[in-house]
Amino acid sequence: MVNLAQSQSNLFQSQANLADSQSRMYGMMENLDQRQEQLSQGHEQLSNRQGEIVEILKLLTKSN
């Protein structure tokens, strides 16, 4: 009977550990989603800057 009780205790502890691991995993996934969004915004800003630079270069080459 002691073995059964110990096995059940181990099972419950394993389930608790699994739930904790899943919680941490979902937290990391959320952080990754946030970082990906930040990187996308940064990429968009860089693209906009590149467009501005191209327009400036066009104006400079026209004036020469």
Side-chain angles (χ1 to χ4, degrees):
M1 214 50 175
V2 172
N3 286 340
L4 178 59
Q6 184 61 44
S7 294
Q8 285 178 328
S9 175
N10 291 343
L11 174 62
F12 294 143
Q13 185 60 50
S14 294
Q15 289 173 327
N17 290 343
L18 175 60
D20 184 53
S21 294
Q22 286 176 324
S23 177
R24 287 195 318 255
M25 181 185 71
Y26 290 130
M28 287 188 284
M29 289 170 62
E30 186 176 339
N31 288 341
L32 286 172
D33 286 345
Q34 291 171 355
R35 287 293 295 140
Q36 187 173 11
E37 178 63 28
Q38 291 171 349
L39 288 172
S40 292
Q41 290 172 0
H43 184 262
E44 184 178 350
Q45 290 172 350
L46 283 175
S47 294
N48 291 342
R49 292 290 169 110
Q50 286 174 334
E52 293 170 4
I53 290 169
V54 167
E55 292 302 316
I56 291 168
L57 289 173
K58 286 180 184 177
L59 292 173
L60 287 173
T61 54
K62 279 185 182 180
S63 64
N64 290 337

> Does Asn3 have more than 12 heavy atoms from other residues, nucleotides or ligands lying within 6.0 Å of its CG?
no
> Can a side-chain donor-acceptor contact be found between Gln41 and Glu37 if the only test is distance below 3.5 angstrom?
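Indeed, the side chains of Glu37 and Gln41 share at least one donor-acceptor pair under 3.5 Å.
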> Are Asn10 and Gln6 close enough that some pair of their side-chain heavy atoms sits under 4.5 Å apart?
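Yes, their side chains come closer than 4.5 Å.
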> Should Val54 and Gln50 be marked as a side chain to side chain contact (heavy atoms under 4.5 Å, CB included) after you check the CA-CA gap, both sets of side-chain angles, and the distance that decides it?
CA-CA 6 Å; Val54 167; Gln50 286 174 334; 5.5 Å; no
> If you count every heavy atom of other residues, nucleotides or ligands that lies below 6.0 Å from Met25 atom CE, does the total exceed 12?
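Atom CE in Met25 is crowded, with more than 12 foreign heavy atoms closer than 6.0 Å.
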> For the pair Ser9 (side chain) and Ala5 (backbone), establish whether a donor and an acceptor sit closer than 3.5 Å, ignoring hydrogens and angles.
no
> With no hydrogens and no angle check, do the side chains of Asn17 and Gln13 hold a donor and an acceptor under 3.5 Å apart?
yes
> Can you establish whether the number of heavy atoms outside Gln15 located under 6.0 Å from its atom CD is more than 12?
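Yes, the 6.0 Å shell around CD holds more than 12 heavy atoms from other groups.
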> Just verifying a value: how many Å separate Ser21 OG and Tyr26 OH, rounded to the nearest 0.5 Å?
11.5 Å
> Check whether more than 12 heavy atoms from other residues, nucleotides or ligands sit under 6.0 Å from atom CD of Gln22, and answer yes or no.
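Result for CD/Gln22: enclosed.
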> Can you tell me how far the OG1 atom of Thr61 sits from the CD1 atom of Ile56, to the nearest 0.5 Å?
12.0 Å
> Using 0.5 Å steps for rounding, measure from the NZ atom of Lys62 to the CG atom of Leu60.
11.5 Å
> Using atom types as modelled and distance alone, determine if a side-chain donor or acceptor of Ser23 lies under 3.5 Å from a backbone N or O of Ala19.
no
> How long is the gap from CG on Leu39 to CG on Leu32, to the nearest 0.5 Å?
10.5 Å
